[in-house]
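This chain uses plain numbering: 1 for the first residue, then up along the sequence. Counting starts at 1 for both ligands and their atoms, following the listed order. Since we're looking at a predicted model, the values are computed, not measured.
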Amino acid sequence: MKIWAHRGCSYAYPENTLQAFEAACRYPITGIELDIQLSKDGKIVVIHDEKVDRTTKASGRVLDFTLEELKRLEIESHPDKEGVTQYAQIPTIEEVFELVKPHCLKQGMLINIELKNSVVRYEGMEELILETVNEWGIQDYIIYSSFNQESIKMLKKKESSVKTGILAASASDCLAFSEANPVDALHPCIKNLDVENLGKKTGLPVRAWNIRKYEPFYPDGGEVEMQDLDGLERIGVTDIFTNVPERYL
Ligand code: G3P
Ligand code: CA
């Protein structure tokens, strides 16, 4: 079973921050997963929600902040030795590439970039992320995913060599898309693996993502419900996205 750090090591560190990605790079895992949105001035930022409310101390939509304004927002992190709360920032995609690229080149670390463009469409996001990845010369290490089927189709159309994964709430929805469209992997929710021998049927990797109920995020803590990796493998899952790659290793 291949292990991916979902939003970085997001149980131990604030999700989608450089700290969480840095921690992930210390482990011999397959890759890291992250989410992108666009700022008001069209910069690619790494944050899961369309709003900053849940992960920062501020409030409002990502698209209503410039990059400079987003950089001022505080993400609560681990206290220092004196017990003083420390803060992380929302990273740009370039900052993540700078951190992770050496690990891509050295140990083949992959990066799954999820385009968060189902709620806000973010026109031009596809071109922008393709361009940025090409500038960094890390095309071979990138897998693009999205719940937005049009976006996945568009990425392939713009650059046929890119690797994509279709995200959906169930395995059957992923399968239906893959039967009608070119795609390189299925990314279903771990809760709805409703097709038997999925991998064999498609010949594609099946990367299942976990849910908050089983795996909390920092700083919530609490119980983690570990999955039966052998059982998942038997039904065709090849990879999992997890907030706790350190535990699975
Ligand atoms: O890419 C898998 C997973 O990240 C999709 O769900 O909500 O964590 O972005 P979410
Ligand atoms: Ca995601």
What angle, to the nearest 10°, do the atoms OE1 (Glu114) and OD1 (Asp35) form about the Ca ion (ligand 2)? 90°

Within the 4.0 Å heavy-atom shell around [X], which atoms of ligand 1 are there?
{"X": "Asp35", "value": "9 (O)"}
{"X": "Lys116", "value": "7 (O), 9 (O), 10 (P)"}
{"X": "Arg7", "value": "7 (O), 8 (O), 10 (P)"}

Considering only the protein, which heavy-atom contact is closest to [atom], and what is its distance?
{"atom": "atom 7 (O) of ligand 1", "value": "His48 NE2, 2.7 Å"}
{"atom": "atom 3 (C) of ligand 1", "value": "His6 NE2, 3.5 Å"}
{"atom": "atom 6 (O) of ligand 1", "value": "Trp209 CE3, 3.8 Å"}

What's the atom name of the N, O or S in Glu33 nearest to the Ca ion (ligand 2)?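 Of all N, O or S atoms in Glu33, the Ca ion (ligand 2) lies closest to OE2.
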
Measure up the Trp4 and Phe241 rings against each other and bin them: parallel (under 30°), tilted (30 to 60°), perpendicular (over 60°). tilted

Should the ring pair Trp209 and Phe147 be called parallel, tilted or perpendicular, given that the plane angle runs from 0 to 90° and is split at 30 and 60? perpendicular

For the pair [X] and [Y], find out whether any cationic side-chain nitrogen is under 4.0 Å from an anionic carboxylate oxygen.
{"X": "Lys153", "Y": "Glu150", "answer": "yes"}
{"X": "Lys2", "Y": "Asp239", "answer": "no"}
{"X": "Lys40", "Y": "Glu68", "answer": "no"}
{"X": "Glu114", "Y": "Lys116", "answer": "yes"}

Could you check whether any heavy atom of Glu114 sits closer than 4.0 Å to an atom of ligand 1, since that is the contact criterion I want to use?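 Per 4.0 Å heavy-atom rule, Glu114 contacts ligand 1.
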
Check if Arg207 has a non-hydrogen atom at a distance under 4.0 Å from any atom of ligand 1. no

Any nitrogen or oxygen of Glu33, main chain or side chain, under 3.5 Å from a nitrogen or oxygen of ligand 1?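 Glu33 vs ligand 1: N/O contact under 3.5 Å present.
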
Which of these, Arg7, Arg212, His6, sits in a side-chain hydrogen bond (donor to acceptor under 3.5 Å, both in side chains) with Asn243?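 Among the candidates, only His6 passes.
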
By the definition side-chain contact (heavy atoms from CB on, under 4.5 Å), identify the one residue from Leu130, Asp184, Asn112 that meets it with Tyr144. Leu130

